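Read the structure below first, then the notes.
For clarity, every value in this text was computed on a predicted model and none was experimentally measured. Chain identifiers are assigned alphabetically (A, B, ...) following the order of the sequence lines, protein sequences preceding nucleic acid strands; residue numbering begins at 1 within each chain.
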Amino acid sequence: ESCGHITISVPIIRLGDPVTASCTISPTCSKLAQEPQILWRLQDGPNQPGDSQRHLGDGSQESTITLPHVNHTKAFLSCLVPWANSFQVLDQAELQAGYPPASPSNLSCLMNLTTNSLVCQWEPGPETYLPTNFTLKSFRSRTDCRYQEDSILDCVPEDRQSTCSIARKHLLLYQNMVLWVQAENVLGTSESPKLCLDPMDVVKLEPPVLQALDISPGLVPRQPGCLWLSWKPWKPGEFIEQECELRYQPQLRGTNWTLVSHLPSSEDQFKLCGLHQAPVYTLQIRCIRSPLPGLWSSWSPGLQLRPT
Amino acid sequence: ESCGHITISVPIIRLGDPVTASCTISPTCSKLAQEPQILWRLQDGPNQPGDSQRHLGDGSQESTITLPHVNHTKAFLSCLVPWANSFQVLDQAELQAGYPPASPSNLSCLMNLTTNSLVCQWEPGPETYLPTNFTLKSFRSRTDCRYQEDSILDCVPEDRQSTCSIARKHLLLYQNMVLWVQAENVLGTSESPKLCLDPMDVVKLEPPVLQALDISPGLVPRQPGCLWLSWKPWKPGEFIEQECELRYQPQLRGTNWTLVSHLPSSEDQFKLCGLHQAPVYTLQIRCIRSPLPGLWSSWSPGLQLRPT
Amino acid sequence: PPSLPWPRSFLLKSLEQVRKIQTRNSELLEQLCATYKLCHPEELVLLGHSLGIPKAPLSHCSSQALQLTKCLHQLHSGLFLYGGLLQALAGISPEVAPTLDMLQLDVANFATTIWQQMETLGVAPTAQPTQSTLPTFTSAFQRRAGGVLAASHLQSFLETAHCALNHWV
């Protein structure tokens, strides 16, 4: 039977809150002086007496201490007694402090057509200093997200990541689903606002590959200030009807982009005229699912060309 | 019940060997002409008749073909019959060809003190073209490796890797163990020669970190053509008694290394003299477990210094 | 053009799903050809009869004789049938399995889109259809040949569906 035993009101508390602990020395603790003065030590701080020490009916001694503001996220509280010309640690308790999780924010998702998974990410919120589990929860809702149908397997992110991928087999494409993030630790639980989306409406499209067409002069009369281009849609997104826009800019300081909108997603021969002959032009293209809802792809890498 | 069925003498054979197959057309195959000519097709090659076709007692037809030298490592052999103005594939068999595994060679092992595992590697031998499993086998042998004591868990390498790591918990350090590699596929099994070693005799040591000492002139009279150095052993190998050697070379074309042997593995102040003052010297150090058996560490990265 | 029988977003989504399945399905056919040299479905007709590989009708979806509700029912039943057929091909081979899994999911999701549209129009059958008996494959070859036949039947089914839906966009 050990000599001393610490009990703590709440082992894990909110940072800055008070905590009360008591240390009881059992009478059977033969080696000790009759009524030893029980001392406390937080981490490797000074030994300090408790707020009060009293005699319990069964002959044991109990000291109680209240730490007004715990500001260590993790600390050890030891109970000691003087012994010979030193001290003896009789018991030690672990104190943890932190915050309940704030609501995760900025939840956004993209459908990745290469891995065929819905990848969501979020802001976890301020540090809680406590082990906190984040879970991406979702359920299917075929109508406008008001009614929950079968829920989907919880998506648990890799350690400390604020992103999670829902595999294709858990997705019902072309139907709405509701997603949110739940954060949980010892001190509480919180949830992000809910997202309602059809995975196919948040497809991450890649831009087409823009290519210069070398039109042999014989075939087509050489018009000055023109360029011939072609592009093909990004293969994995080929089945998606898209609309594209082209922008071009002479490589001169201070010039702006000129935009050509409502272009098809595939073009074998596109003639672009009205360009100055001298400078090299930078051209880029991007596409968006249309007429169905979608997200713009990024701009394609710049293509440098000199007009005829 | 399907109309045709192929049987093959041996579905997996040695590359270049012959193989015989027969295709039997059951009489119940109503849609076929009475005695259709049975044809064969290897991969997407031409349709060719068998070597012989005969009538079986139960009314079925059987064609037999022998491919003298199979030189596809993987091929499909189809059995067809003419039908309408085309052909019908009635059955298809998969042919595989390759080689039995040669004996793995150049088995060598190093004890990694950071991961605390014995890492072995080997040459797998020529391509077999067949799924071939390599296993690193080992057993403990406290004497001189002649008697097998308790065998150690087989070490199965990651896919297609010719290396395997035996975890610390399976190792009895400072005792001999026997290791070898077994290769196995459908056509045969082979083993590498056996290695007998104590993991601690094959520790992969890292060299010490060589540092220049800036000896303030006041303390020690500045002798021309001298350098002051210090080095400390590599932390994870600190417990190992080592002997080191230093080499240095002026950065001039065509000069050789000068070697200083039998140095301790830790040196706070080492004076190296007899150097020409002009050029910058490159210095390197390496160590070996000594007097116990061991392997030389690699040379430390070159330290460029100009003598006093 | 004639007034739309179905909401435009349903038509556009369905067309996109048809194209998605067609792309995936031709990938499956290409893989079966490249891996097993089974490149000509017409050479497997006899085997198809003996295995009992069905073809799903789309007679009510032709532009000449379009009957909306019956067309939706045929679309859904056909997708349900081919979904079951693709399921029966499970374990066909490691090379083809990923494409087959994705194809099955795309077909099932398209069937849900059709079913939900029938519900919205109030013409959905009272209960989901039950799978008719599917062929059993007794050899790896039969499973691969069954895959080629099922995929080629699905391809022509999708072709007809695409024409019908495209007619209204």
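Contacts from residues 23-34 of chain C to chain A, taken as heavy-atom pairs separated by less than 4.5 Å, involve C/T23, C/R24 in sequence order. Within residues 106-118 of chain A, the residues having any heavy atom closer than 4.5 Å to a heavy atom of chain C are A/N116, listed by residue number.
Around NZ of A/K194, the count of heavy atoms belonging to other residues, nucleotides or ligands within 6.0 Å exceeds 12. Crowding of A/K204 atom NZ: a count of heavy atoms from other residues, nucleotides or ligands under 6.0 Å exceeding 12. Open room surrounds CD on A/E158; 12 or fewer heavy atoms of other groups in view lie less than 6.0 Å from it.
Side-chain contact between A/E241 and C/R19: present, with at least one pair of heavy atoms (C-beta onward) separated by less than 4.5 Å. Side-chain contact between A/Y174 and C/E16 is present, with heavy atoms from C-beta onward closer than 4.5 Å. Residues C/N109 and A/R168 form a side-chain contact, since some pair of their non-hydrogen atoms from C-beta on lies under 4.5 Å apart.
Contact tally against chain A (heavy-atom pairs below 4.5 Å) for C/E119, C/Q104, C/Q116: the top residue is C/Q116. For chain A, the option among C/L15, C/L105, C/V18, C/D101 with the highest count of heavy-atom pairs below 4.5 Å is C/L105.
For C/Q22, no part lies near chain A; criterion is any non-hydrogen pair under 4.5 Å. Using a 4.5 Å cut-off between heavy atoms, A/Q175 contacts chain C through its side chain alone, with no backbone atom that close.
A pairwise comparison of heavy atoms in C/L12 and A/P291 identifies CD1-CG, 3.4 Å as the closest pair.
Note that CG of C/D106 and CG of A/L173 are 6.5 Å apart. Values are rounded to the nearest 0.5 Å. Remark: C/K20 NZ to A/F239 CZ distance equals 4.5 Å, nearest 0.5 Å.
A salt bridge links A/D198 and C/K13; the closest N-O separation between the charged side-chain nitrogens and carboxylate oxygens is under 4.0 Å.
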